[in-house]
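Read through the structure below, which is laid out as structure tokens, and then see the notes.
Values below: every heavy atom of this structure, side chains too, minus hydrogens, waters and symmetry copies. Predicted model only: the values in this text are computed from it and were never measured. The chain is numbered in sequence order, starting from 1.
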Amino acid sequence: MQGQLLDGHTVAIKRFVVDAAIFDFKSELQLVRLQHTNLIRLLGWCIHEKEKILVYEFMQKGSLDNIIFCKF
């Protein structure tokens with residue numbers, strides 16, 4: 001999902017389904033420690049009751065998942 005911050009920057013938003021394992025969310029948060037030019041940056045995260053959200057920098061060329069699995 002695509003969103004926009006108050007300052008006008010476009011971001012990519014990943015929402016975890018309510019029943020998603022907390023393990024999946026925490027695993028992605030641990031990836032923040034990795035810094036590489038080929039990885040997008042995690043800009044922020046939020047947990048509110050059962051909703052979990054990750055906010056990433058937005059990449060213009062689409063999702064890596066679509067490129068790898070040819071989902072055009």
Side-chain angles (χ1 to χ4, degrees):
M1 179 184 300
Q2 183 177 336
Q4 191 169 24
L5 299 178
L6 294 174
D7 65 3
H9 283 87
T10 302
V11 293
I13 300 170
K14 182 173 184 178
R15 293 179 70 184
F16 286 79
V17 293
V18 174
D19 297 330
I22 191 71
F23 175 76
D24 296 335
F25 184 76
K26 287 183 178 180
S27 295
E28 287 209 37
L29 285 178
Q30 289 178 350
L31 290 176
V32 174
R33 296 180 192 160
L34 299 175
Q35 294 201 1
H36 190 276
T37 57
N38 294 335
L39 295 176
I40 61 171
R41 288 185 314 133
L42 177 67
L43 301 176
W45 57 274
C46 176
I47 299 175
H48 180 68
E49 296 179 4
K50 292 185 177 184
E51 187 172 34
K52 300 169 200 77
I53 298 173
L54 297 174
V55 179
Y56 289 98
E57 62 184 332
F58 183 76
M59 300 303 292
Q60 289 291 338
K61 296 187 179 185
S63 124
L64 182 59
D65 178 58
N66 290 342
I67 294 169
I68 292 173
F69 298 106
C70 299
K71 298 177 189 174
F72 296 103

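Every residue was checked against the side chain to side chain contact (heavy atoms under 4.5 Å, CB included) condition with Glu49, not counting sequence neighbours, and none meets it. For Leu43, the side chain to side chain contact (heavy atoms under 4.5 Å, CB included) test picks out Val11, Arg41, Val55, Glu57, with sequence neighbours left out. Listed by chain and residue number, Arg15 satisfy the side-chain hydrogen bond (donor to acceptor under 3.5 Å, both in side chains) test with Glu51 (two or more places apart in sequence, or in another chain).
Residues Leu54 and Trp45 approach most closely at CD2-CB, 3.6 Å, considering heavy atoms.
Rounding to the nearest 0.5 Å places CD1 of Ile13 at 9.0 Å from CD of Gln2.
Follow the hydrophobic side-chain contacts under 4.5 Å out from Phe58 and you never reach Ile40; the two are in separate clusters.
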